Amino acid sequence: MGVRSLTIGGLGVVLGLALSANADAAEQKLVNYTISKGAIATSLTGKPGDAAKGRELAIDRKKGNCLACHVMPIPEQPFHGEIGPDLNGVAGRLTEGEIRLRIVDPKNFNRDTIMPAFYKNTGFTRALKKFKGKPMLSAAQIEDLVAYTMTLK
Ligand code: HEC
């Protein structure tokens, strides 16, 4: 795969303006990122994420909800889904950049995957009205999840 740049469409910009009274407004506009060799090499925020916050997001049913599909080393949570691969040891199999792209937009690896794209604001087939044009998570939350996932050695 060659270098591909994703830019924000006009829709995101318009929504960003329309929602400028909202505290989350800065998050409506996706940051630009570059996909190269199946990875997003650099942090979406330019900073490393917080692994402890990432762990919370992975548990949170309304945020990452990673546990719904993945086994993870989070023993205090009784139910771990097994639809996706066990994430124990994933940081030994994949690089940080590969993990980042998988969380941002896993369709880059498998068009038919059921794993949601957590940082995308277009191309959803059945977006609820209140979620239209908004990514599921912010760039900072993606980085927190990347930081946590990188601890799964
Ligand atoms: C609806 C189910 C679902 C949810 C929710 C989900 N995933 Fe996944 N994930 C999958 C599936 C299925 C795969 C296997 C890849 C595929 O579908 O091609 C996968 C693959 C992955 C991989 C690559 C694993 C490997 O060994 O190659 C990573 C990393 C990952 N997911 C992280 C996450 C994180 C972090 C979250 C939470 C933010 C999450 N996933 C939420 C279903 C899910």
Side-chain angles (χ1 to χ4, degrees), residues 1-6 8 12 15 23-153:
M1 200 186 325
V3 178
R4 194 144 58 96
S5 268
L6 298 188
I8 320 141
L15 269 171
D24 289 339
E27 301 295 355
Q28 308 303 323
K29 205 173 142 203
L30 297 194
V31 290
N32 288 323
Y33 57 82
T34 303
I35 301 172
S36 177
K37 299 195 176 86
I40 301 172
T42 51
S43 164
L44 298 178
T45 60
K47 291 183 292 200
D50 177 330
K53 283 190 191 159
R55 191 179 191 276
E56 294 299 313
L57 290 165
I59 295 170
D60 192 324
R61 303 265 164 218
K62 296 208 167 96
K63 300 269 173 58
N65 200 18
C66 318
L67 279 183
C69 298
H70 292 285
V71 171
M72 301 172 99
I74 302 183
E76 74 275 21
Q77 292 289 322
F79 177 80
H80 296 206
E82 293 182 354
I83 298 164
D86 186 334
L87 292 186
N88 282 289
V90 71
R93 297 194 292 274
L94 302 176
T95 65
E96 182 189 302
E98 287 167 343
I99 288 173
R100 182 175 290 107
L101 179 54
R102 274 183 166 82
I103 302 174
V104 163
D105 190 359
K107 291 208 170 13
N108 282 279
F109 297 96
N110 171 5
R111 281 191 48 187
D112 301 320
T113 186
I114 56 156
M115 177 162 159
F118 287 93
Y119 196 67
K120 206 176 163 187
N121 61 6
T122 53
F124 293 120
T125 36
R126 294 182 299 260
L128 291 177
K129 216 171 189 176
K130 64 174 178 171
F131 295 128
K132 256 197 186 137
K134 295 180 200 167
M136 289 173 67
L137 297 175
S138 70
Q141 288 171 325
I142 297 292
E143 291 307 322
D144 292 344
L145 281 162
V146 171
Y148 172 62
T149 308
M150 283 305 289
T151 69
L152 309 181
K153 298 236 154 80

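Given the structure is predicted, the values throughout are model-derived calculations rather than measurements. Note that ligands are numbered from 1 as they come in the structure, with each ligand's atoms numbered from 1 the same way. Just so it is clear, the values below take in all heavy atoms, side chains as well, and ignore hydrogens, waters and symmetry mates.
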Tell me whether the count of non-hydrogen atoms from other residues, nucleotides or ligands lying under 6.0 Å of CZ in Arg111 goes above 12. no

For Asn65, counting its heavy atoms only, list the atoms of ligand 1 lying under 4.0 Å from any of them. 5 (C)

Using atom types as modelled and distance alone, determine if a side-chain donor or acceptor of His70 lies under 3.5 Å from a backbone N or O of Pro85. yes

Cut-off under 2.8 Å, centre atom 8 (Fe) of ligand 1, protein N/O/S atoms: His70 NE2, Met115 SD

Please state whether Phe118 comes within less than 4.0 angstrom of ligand 1, counting heavy atoms only. yes

For atom 26 (O) of ligand 1, what's the nearest protein heavy-atom neighbour? Residue, atom name and distance, please. Arg93 NH2, 2.8 Å

Main-chain N/O of Asp50 paired with Asp144 side-chain donor or acceptor, under 3.5 Å: yes

Near Glu82 CD, under 6.0 Å, is it more than 12 heavy atoms from other residues, nucleotides or ligands? no

Between Thr45 and Val31, is there a side-chain heavy-atom distance shorter than 4.5 Å? no

Could you list which atoms of ligand 1 come closer than 4.0 Å to a heavy atom of Gly64? 37 (C), 38 (C)

Taking a cutoff of less than 4.0 Å between a non-hydrogen atom of the residue and any ligand atom, is Pro116 in contact with ligand 1? yes

Decide yes or no for Thr149 and Cys66: does some side-chain heavy atom of the first lie under 4.5 Å from some side-chain heavy atom of the second? no

Any ion pair linking Glu98 and Arg102 (charged N to carboxylate O, less than 4.0 Å)? no

Given Thr113, Leu152, Leu94, Thr149, which has its nearest heavy atom closest to atom 27 (O) of ligand 1? Leu94

Heavy-atom side-chain contact between Leu30 and Tyr119 under 4.5 Å: yes

Do the non-hydrogen side-chain atoms of Val104 and Lys120 ever get within less than 4.5 Å of each other? no

Of all the non-hydrogen atoms in the protein, which one sits nearest to atom 18 (O) of ligand 1, and at what distance? Asn110 ND2, 2.9 Å

Ligand 1 atoms in contact with Leu145 (distance to a heavy atom under 4.0 Å): 38 (C)

Taking the side chain as everything from C-beta on, heavy atoms only, tell me whether Arg100 gets closer than 4.5 Å to Tyr33. no

